[in-house]
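Here's the structure, in structure tokens; my notes come after.
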Amino acid sequence: MNEKISILLVEDDHVDIMTIKRAFKDIKITNPVNVCENGLEALDFLRDQQKHLPGIILLDLNMPKMNGIEFLQEIKDDEQLKLIPVVVLTTSKEEQDKVESFKLGVAGYMIKPVDYMQFVEIIRTIHLYWTLSEIPVED
Amino acid sequence: MKKTKYPRIQTRLFIGLLIIILFSSIVNILYYRDIKELNKVTNDIIEHPFTVSKGVRDIKIYINAMHRSMKDVVLSKNKIELNNSINLVNNNEQLIYDNFEIVKERFLGDLRFVNEAYTTFFDWKPIRDEVIDLVKNGNVDDAARITKGKGNDHIILLFQKTRKMIDFANEKAASYNQDSINILRKAKRNFLLTLIGSLILGIILFLWIFFSISNPINNMIKRIKNVSGDKMKGFLKNAGNQFAVLDYAISEFENREKILKEKVNTRTYELEETKNLLDRSIENAAIGMVTMNLKGKLIKANNSFCDFVGYTREEVLNMKFNDFTKEEDKAKGSEFVKKIIEGEIKGGSLEKAYMHKSGDIIYGSVSTSLVKDINDKPDSLFGQIKDITKQKQYEIKIEEHKIELENKIKKRTIELDKKALKLEKSQQALTFLLEDVNDIKKQLEISNRKHLEVNKELEAFSYSVSHDLKAPLRAISQLSYWLSQDYAEKIDKEGQKQLKLLVARVKRMDNLIDGILQYSRAGKLREKEKLFNLHFIVEDTINLINPPENIKVIIENQLPEYIGDPTRLGQLFQNLIDNAIKFMDKPEGLIKIGCRKDSNFWEFYVSDNGPGIEEKYFDRIFQIFQRLISRDKQEGTGVGLSLVKRVVQIYGGNIWLKSKPGEGTSFYFTLPIIK
């Protein structure tokens with residue numbers, strides 16, 4: 001069931017997008033992936049896609065226009081969007097960013113490692129999470 | 001005290017006795033009267049009804065007997081019988097006669113009845129004699145005829161005559177009987193009345209005497225109870241009777257009186273002692289003391305006063321207080337005394353000039369107070385006079401000196417003014433100097449603030465730089481990794497090796513950036529401070545490091561509790577232990593951790609038996625990114641020790657080391673004890 005759902009990746013770094021997509025491929029995740037380069041774009045995308053909302057959002061924090069925290073604040077006020085689990089995927093080890101994110105109800109907070117193999121492990125963990133965890137599904 | 005007037009107990013008893021005597025006398029008199037009356041009635045009964053009734057009854061009987069004897073006389077057969085019958089007749093006649101005598105003497109009724117009966121009886125004699133003569137002469141038939149005829153008639157007459165007499169006697173007896181019954185009844189009633197009367201009187205008397213004795217006693221006991229309080233409580237309940245209580249109370253009061261008397265004696269003695277002491281004190285006091293009456297005449301004066309005015313005591317006691325006063329001050333003195341007597345002022349002191357007997361003027365400070373009698377009326381005045389003559393003389397001298405001094409001061413003041421002017425100038429110079437200092441201080445503050453801001457900016461800068469550096473670094477790392485993976489066949493061995501090196505260098509750079517991040521974070525203000533046990537933290541750190549089996553890490557003594565950020569201080573130990581492990585060159589490594597307490601700081605140490613550090617590098621090792629061994633030989637960021645130093649400095653401590661190359665290194669650092 002979870003295989004059909006789509007993944008929304010909010011990320012501005014192209015190498016990171018490549019890394020994540022490659023990691024998906026390596027661990028054979030076939031779900032459709034949508035990419036938005038910043039929060040604003042992601043918000044537009046979500047509001048446009050009313051009917052086919054993604055099953056999970058992977059969110060970077062450092063982004064132009066609208067950063068990850070601002071994006072989280074936006075979707076928190078939206079009755080529908082706030083149901084989508086969000087996993088933060090960032091370089092920031094700042095305590096403030098962690099606290100802020102969890103206050104805004106994120107499902108996970110991951111640091112992007114430099115080493116690719118470690119990156120793959122992280123994605124595997126996220127995958128494990130969304131395969132095992134029940135996620136609310138739209139009727 | 002409530003005073004109830006009660007007659008004395010003897011008086012009461014005497015009155016009671018008198019009442020009883022009076023009452024019994026009345027009763028006796030009443031009884032005597034009744035008994036006397038009864039006696040009289042009884043006498044009467046014996047005198048008359050009894051004797052007379054018996055007499056008249058006997059008369060009747062003997063008349064019958066006599067009549068029968070007369071018949072016997074007529075019927076007698078011989079002489080002897082005749083004589084006997086005659087004797088009988090005579091005897092009965094005699095008895096009738098005797099009884100008539102008694103009746104005649106005592107009869108209370110009409111004596112005519114008796115006399116008539118007696119006369120009739122007397123008239124019988126001739127008839128009797130006639131019959132007896134006829135019988136004697138043998139003329140029995142005549143005698144029998146006379147007896148039956150004349151004799152019988154006469155006897156019947158005699159009975160008739162005596163009847164009236166008998167009736168009267170009986171009637172009289174009956175009436176007397178009734179009288180005696182009445183008297184007896186009356187006596188009974190009187191007796192009953194007196195019995196009730198005496199009973200009531202007796203009860204009243206008893207109550208009167210009872211209450212008049214028991215009330216005062218009970219009142220006394222109540223008062224004793226009040227006076228004695230708790231002491232008597234038990235006794236009052238247990239004592240058999242009131243007298244025991246009274247007895248006890250009296251002995252108690254005797255005791256108390258004894259104690260009181262002793263106390264009074266002691267107090268009197270003490271008072272006398274005190275009085276003597278006071279008298280002596282007054283007499284020998286250094287200042288003059290006098291007592292005078294309200295008119296100002298002196299009553300008492302002590303030695304000092306006499307000495308003061310130069311008069312003898314006899315002279316003094318004949319004078320008035322104003323007699324010593326100097327003419328000008330007399331009005332002032334009188335006014336003062338008057339005010340005290342009238343109560344306008346409570347007392348106080350006054351300075352006066354006096355005249356010594358020798359004519360010298362002397363000065364005294366007099367304090368006067370009013371002495372009141374028991375009724376709070378002014379009684380006398382008590383004055384204390386202090387000789388201030390010398391003082392006055394000094395005052396005059398002082399006044400002279402004062403003038404002299406004032407002149408000197410004036411001179412001096414002028415000099416001082418000049419100096420002050422000079423001082424003012426230098427003060428102004430000082431003010432300018434101070435202003436300059438303040439300006440510098442302000443500038444310093446500004447630069448300090450700027451410095452802080454720069455520091456902050458620097459931190460933010462280093463943070464964001466390291467952060468932003470990471471993204472491309474990651475890209476390089478991942479891209480080169482993919483290159484080595486995706487194009488493995490197209491890149492030869494040398495190329496592969498270079499790519500591997502590239503990844504490794506990128507990893508090193510990542511570590512360096514992490515180091516910078518840590519260092520910059522360490523520079524932030526101290527926050528999240530709390531009390532924690534350093535010993536536990538260090539133990540946890542050792543566990544986290546998980547040292548290899550050939551290296552032992554031991555804590556030599558108990559580490560203290562400390563107030564600070566546990567993570568940061570844990571990091572401090574971690575870096576030191578990490579270094580020791582990393583550079584360990586001996587097969588059996590030993591790392592020792594411990595502390596000691598100084599007066600105001602803790603000193604910690606982490607020592608190892610590793611390679612040691614040459615002294616010339618002691619400063620260098622604490623600088624950031626400085627390393628003693630090439631990175632290619634030993635991976636490391638070069639941040640560890642500089643971070644340690646930073647943390648120690650932030651907490652206000654010092655860090656230093658002792659080392660011998662080849663033998664080992666000991667790092668020491670201090671943390672101040674926060675009170």
Side-chain angles (χ1 to χ4, degrees), chain A residues 9-29 33 35-39 58-65 67-69 88-102 109-124 126, chain B residues 456 459-488 499-528 565-568 571 635 637 639 643:
Chain A
L9 183 60
V10 190
E11 174 65 79
D12 61 327
D13 189 319
H14 288 256
V15 180
D16 278 343
I17 297 168
M18 276 171 71
T19 312
I20 292 160
K21 282 191 170 173
R22 195 182 167 109
F24 281 172
K25 214 158 86 187
D26 281 0
I27 49 177
K28 301 188 174 59
I29 297 169
V33 178
V35 180
C36 294
E37 293 210 346
N38 58 56
L58 301 181
L59 179 71
D60 187 21
L61 291 185
N62 276 318
M63 287 181 299
K65 291 184 184 172
N67 67 25
I69 299 291
V88 172
L89 202 58
T90 179
T91 330
S92 173
K93 283 185 184 172
E94 267 298 272
E95 191 70 24
Q96 177 118 18
D97 285 341
K98 279 186 217 168
V99 173
E100 200 71 20
S101 302
F102 279 104
Y109 191 99
M110 308 286 181
I111 309 286
K112 291 174 189 166
V114 172
D115 189 75
Y116 173 69
M117 291 317 286
Q118 283 177 27
F119 210 122
V120 174
E121 283 309 305
I122 297 264
I123 298 300
R124 203 192 295 281
I126 298 170
Chain B
K456 235 180 183 176
E459 269 162 22
F461 172 74
S462 66
Y463 178 75
S464 77
V465 162
S466 352
H467 192 265
D468 289 347
L469 279 175
K470 274 218 163 181
L473 200 64
R474 217 168 36 243
I476 295 165
S477 161
Q478 276 148 21
L479 287 168
S480 46
Y481 179 72
W482 297 337
L483 269 176
S484 70
Q485 294 289 306
D486 297 354
Y487 303 97
L499 276 174
K500 233 177 238 170
L501 271 172
L502 183 66
V503 172
R505 287 296 184 276
V506 167
K507 180 91 185 164
R508 186 182 292 166
M509 187 157 179
D510 184 49
N511 283 339
L512 279 171
I513 292 167
D514 274 344
I516 295 169
L517 277 173
Q518 271 188 9
Y519 191 79
S520 73
R521 217 174 280 143
K524 288 193 167 179
L525 289 171
R526 290 166 63 175
E527 45 192 27
K528 282 188 258 172
D565 181 351
T567 333
R568 208 172 275 183
Q571 206 173 38
E635 271 299 338
T637 56
V639 173
L643 194 67

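Residue numbers begin at 1 in each chain, while the letters A, B, ... track the order of the sequences.
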Residues in side chain to side chain contact (heavy atoms under 4.5 Å, CB included) with E121(A), at least two apart? R124(A)

Any side-chain heavy atom of R22(A) sitting closer than 4.5 Å to one from Q485(B)? yes

Counting only heavy atoms not in K21(A), do more than 12 sit closer than 6.0 Å to its NZ atom? no

Tell me, yes or no, whether the heavy-atom count around Y487(B) atom OH, taken from other residues, nucleotides or ligands under 6.0 Å, exceeds 12. no

Which atoms of M117(A) come close to chain B, meaning under 4.5 Å heavy atom to heavy atom: side chain ones, backbone ones, both, or neither? side chain

Give the minimum heavy-atom separation between [X] and [Y], together with the two atoms involved.
| X | Y | result |
| --- | --- | --- |
| T91(A) | K470(B) | CG2-CB, 3.6 Å |
| D13(A) | A471(B) | OD2-CB, 3.9 Å |
| V114(A) | L473(B) | CG1-O, 4.4 Å |

Which pairs pass salt bridge (charged side-chain N to carboxylate O under 4.0 Å, His left out) with one or both residues in residues 473-483 of chain B, sequence neighbours excluded? D16(A)-R474(B)

Once you measure the plane-to-plane angle for Y116(A) and W482(B), does it fall in the parallel (<30°), tilted (30-60°) or perpendicular (>60°) bin? perpendicular

